[in-house]
Colleague: 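The structure under discussion is supplied below as structure tokens; questions concerning it will follow.
Along the sequence shown, residues carry numbers from 1. Both backbone and side-chain heavy atoms feed into the values below; hydrogens, waters and symmetry mates do not.
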Amino acid sequence: MRLTVADDVLALFPAPVIGILGGEVESPRPDLRERLRALQEAALARLRETAPDVESLMAHPHVRIWRQAYQRFGARPTKFRPTHEAFARRLLKDPAWPAIHPLVDVYLTNQAAHLLPHGGYDRASLDGDLCLGRSPGGEAFAPLGGGEERTERGEVVYRDAGRVLTRRWNHRDSDLTRITGETRRPLLVIEALDGIPAAAVEEALADLARRLAWCFEGAFATRLFAAGRGRQEIALE
């Protein structure tokens with residue numbers, strides 16, 4: 001399996017950086033709930049220190065740069081927020097953490113702590129290679145929670161051989177490839193754009209691996225993919 005960043009994305013964003021985490025998740029640690037609660041409390045404290053309110057959140061470069069990116073590919077960031085911004089706003093307004101699935105709950109603590117977009121797929125549900133590209137419009141999409149949508153022309157999407165996996169880069173995930181209680185081989189990504197140091201992704205990626213290893217038995221491997229002209233794809237296995 002490979003991940004390719006298409007020319008039409010690189011034309012707008014010449015140097016995206018994607019942190020990739022794969023591996024095998026086995027049993028949760030016996031005290032998973034307590035460990036997750038500790039991660040959540042620490043992540044919320046770090047978020048509040050970094051951005052104590054929505055106004056300071058909007059000024060943070062990790063948020064500002066992504067909002068500008070959404071505007072560049074035609075998505076209004078006031079309506080369609082990048083995933084890390086939307087989640088941070090939610091926590092600043094209401095510090096109650098969602099309970100989705102322990103694996104997802106852990107990576108959300110990392111997203112809040114580092115203020116970078118995180119996403120995840122169940123590798124067993126993926127079909128062939130992955131591509132980050134721009135949609136021609138009208139492609140079918142099955143959003144989380146059910147239903148069907150159609151993509152808009154020019155929006156950035158992840159897709160595999162047969163389906164769109166995310167809309168508006170990282171704004172919304174597909175229900176068909178979501179992480180569930182049956183997921184044993186996750187594929188997690190952390191994303192940054194021009195203006196956000198690759199070192200920030202590298203730090204977040206290493207932290208994510210530590211968090212997962214602290215909460216689950218298993219083996220986790222990370223790779224940093226600095227895409228650009230002449231380097232547009234990376235092997236995921």
Side-chain angles (χ1 to χ4, degrees), residues 1-13 16-21 62-90 98 100-101 103-104 107-108 111-112 115-180 183 186-194 196 201 225 227 232-233 236:
M1 180 184 290
R2 304 188 71 81
L3 168 62
T4 300
V5 180
D7 287 333
D8 53 10
V9 171
L10 293 175
L12 282 181
F13 310 104
V17 176
I18 304 173
I20 302 162
L21 184 146
H62 290 187
V63 172
R64 176 174 46 79
I65 287 170
W66 272 101
R67 288 175 64 87
Q68 292 169 348
Y70 269 46
Q71 291 174 324
R72 292 189 70 185
F73 66 76
R76 284 188 296 159
T78 54
K79 183 177 181 181
F80 305 108
R81 301 189 191 281
T83 185
H84 63 311
E85 178 194 340
F87 189 62
R89 279 173 170 266
R90 173 177 174 173
I100 301 171
H101 176 274
L103 181 58
V104 177
Y107 86 60
L108 286 177
Q111 176 173 266
L115 270 183
L116 288 169
H118 287 46
Y121 311 102
D122 185 333
R123 287 190 67 153
S125 67
L126 297 176
D127 178 14
D129 294 337
L130 304 185
C131 179
L132 179 67
R134 301 186 70 187
S135 175
E139 295 179 284
F141 177 73
L144 280 174
E148 182 176 311
E149 300 175 356
R150 294 282 171 175
T151 61
E152 296 178 358
R153 181 177 179 83
E155 67 175 277
V156 178
V157 301
Y158 279 99
R159 60 165 59 86
D160 63 10
R163 300 160 299 180
V164 172
L165 308 180
T166 66
R167 289 199 63 188
R168 299 181 181 92
W169 207 314
N170 49 51
H171 170 72
R172 178 166 291 182
D173 293 329
S174 171
D175 198 63
L176 302 177
T177 54
R178 73 189 188 282
I179 290 172
T180 71
T183 300
L187 177 65
L188 307 180
V189 296
I190 304 173
E191 302 164 316
L193 295 171
D194 315 57
I196 299 174
V201 181
F225 178 30
Q232 293 182 235
E233 65 177 30
L236 298 178

Colleague: Does the pair T83 and D173 meet the rule for a side-chain contact (heavy atoms from CB on, under 4.5 Å), with working shown?
Modeller: CA-CA 10 Å; T83 185; D173 293 329; over 6 Å; no
Colleague: Using a 6.0 Å cut-off, check whether atom CZ of R150 has over 12 heavy atoms from anything other than its own residue.
Modeller: yes
Colleague: L144 versus R178: any side-chain heavy-atom pair under 4.5 Å?
Modeller: yes
Colleague: With side-chain hydrogen bond (donor to acceptor under 3.5 Å, both in side chains) as the test, pick out the partner of D122 among T177, T183, T180.
Modeller: T183
Colleague: Going by heavy atoms in the side chains, are V63 and H84 under 4.5 Å from each other?
Modeller: yes
Colleague: Measuring from L115:CG to W66:CH2, what's the distance to the nearest 0.5 Å?
Modeller: 13.0 Å
Colleague: Nearest 0.5 Å, please: how far is OH in Y158 from CG in L130?
Modeller: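 Answer rounded to 0.5 Å: 8.5 Å.
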Colleague: Under 4.5 Å between any side-chain heavy atoms of D160 and Y121, yes or no?
Modeller: no
Colleague: Is there a donor-acceptor pair closer than 3.5 Å between any side-chain N or O of E149 and the backbone N or O of F141?
Modeller: no
Colleague: Distance check, rounded to the nearest 0.5 Å: R159 atom CZ versus D129 atom CG?
Modeller: 13.0 Å
Colleague: Give me the atom names and distance for the closest heavy-atom approach of Q232 to A6.
Modeller: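 Scanning both residues, the minimum pair turns out to be NE2-C, 4.1 Å.
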Colleague: Would you call the rings of W169 and F73 parallel, tilted or perpendicular, taking 30° and 60° as the class edges?
Modeller: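 Tilted, since the angle between the ring planes falls between 30° and 60°.
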Colleague: Quick check on side chain to side chain contact (heavy atoms under 4.5 Å, CB included): which of S174, C131, S135 does V157 satisfy it with?
Modeller: S135
Colleague: Please find the pair of heavy atoms, one from G145 and one from D175, that lie closest to each other, and give the distance.
Modeller: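 Heavy atoms of G145 and D175 come nearest at N-OD1, 3.4 Å.
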Colleague: Quick one: do H171 and T166 satisfy side-chain contact (heavy atoms from CB on, under 4.5 Å)? Show the steps, please.
Modeller: CA-CA 7 Å; H171 170 72; T166 66; over 6 Å; no
Colleague: If I compare all heavy atoms of R172 with all of P143, which pair ends up nearest, and what's the gap?
Modeller: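 Closest approach of R172 to P143, heavy atoms only: CD-CB, 3.5 Å.
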Colleague: Return the OH to CD1 distance between Y107 and I190, rounded to the nearest 0.5 Å.
Modeller: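 Reported value, rounded in 0.5 Å steps: 10.5 Å.
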Colleague: Looking at L108 and P98, what are the two nearest heavy atoms and their distance?
Modeller: CD1-CG, 4.2 Å
Colleague: Can N170 and Y70 be counted as having a side-chain donor-acceptor contact under 3.5 angstrom?
Modeller: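 N170 vs Y70: donor-acceptor pair found between side chains.
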Colleague: Applying side chain to side chain donor-acceptor pair (under 3.5 Å), can you list everything that pairs with R64, at least two apart in sequence or on another chain?
Modeller: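 Side chain to side chain donor-acceptor pair (under 3.5 Å) check on R64 returns nothing, list empty.
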Colleague: With rounding to the nearest 0.5 angstrom, report the CZ to CG distance, F13 to D194.
Modeller: 8.0 Å
Colleague: What's the separation between atom CG in L3 and atom CD1 in I18, rounded to the nearest 0.5 Å?
Modeller: 5.0 Å
Colleague: Among H62, R90, R67, whose side-chain hydrogen bond (donor to acceptor under 3.5 Å, both in side chains) with E85 holds?
Modeller: R67
Colleague: Take a 6.0 Å sphere around CZ of R2 and say whether it holds more than 12 heavy atoms from other residues, nucleotides or ligands.
Modeller: yes
Colleague: State, yes or no, whether a side-chain contact exists between P16 and E191 at a heavy-atom distance under 4.5 Å.
Modeller: no
Colleague: I'd like to know if the side chain of R72 and the backbone of L12 have a donor-acceptor N/O pair within less than 3.5 Å.
Modeller: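 Indeed, once roles are kept as given, a pair shorter than 3.5 Å links the two residues.
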Colleague: Answer whether the closest heavy-atom distance between the side chains of V17 and I196 falls below 4.5 Å.
Modeller: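 No. Closest side-chain heavy atoms not under 4.5 Å.
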Colleague: What's the shortest heavy-atom distance between G19 and V201, and which atoms?
Modeller: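 Reported closest heavy-atom pair: N-CG1, 3.6 Å.
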Colleague: Compare every heavy atom of D8 with every heavy atom of G133, then report the nearest pair and how far apart it is.
Modeller: CA-OD1, 3.8 Å
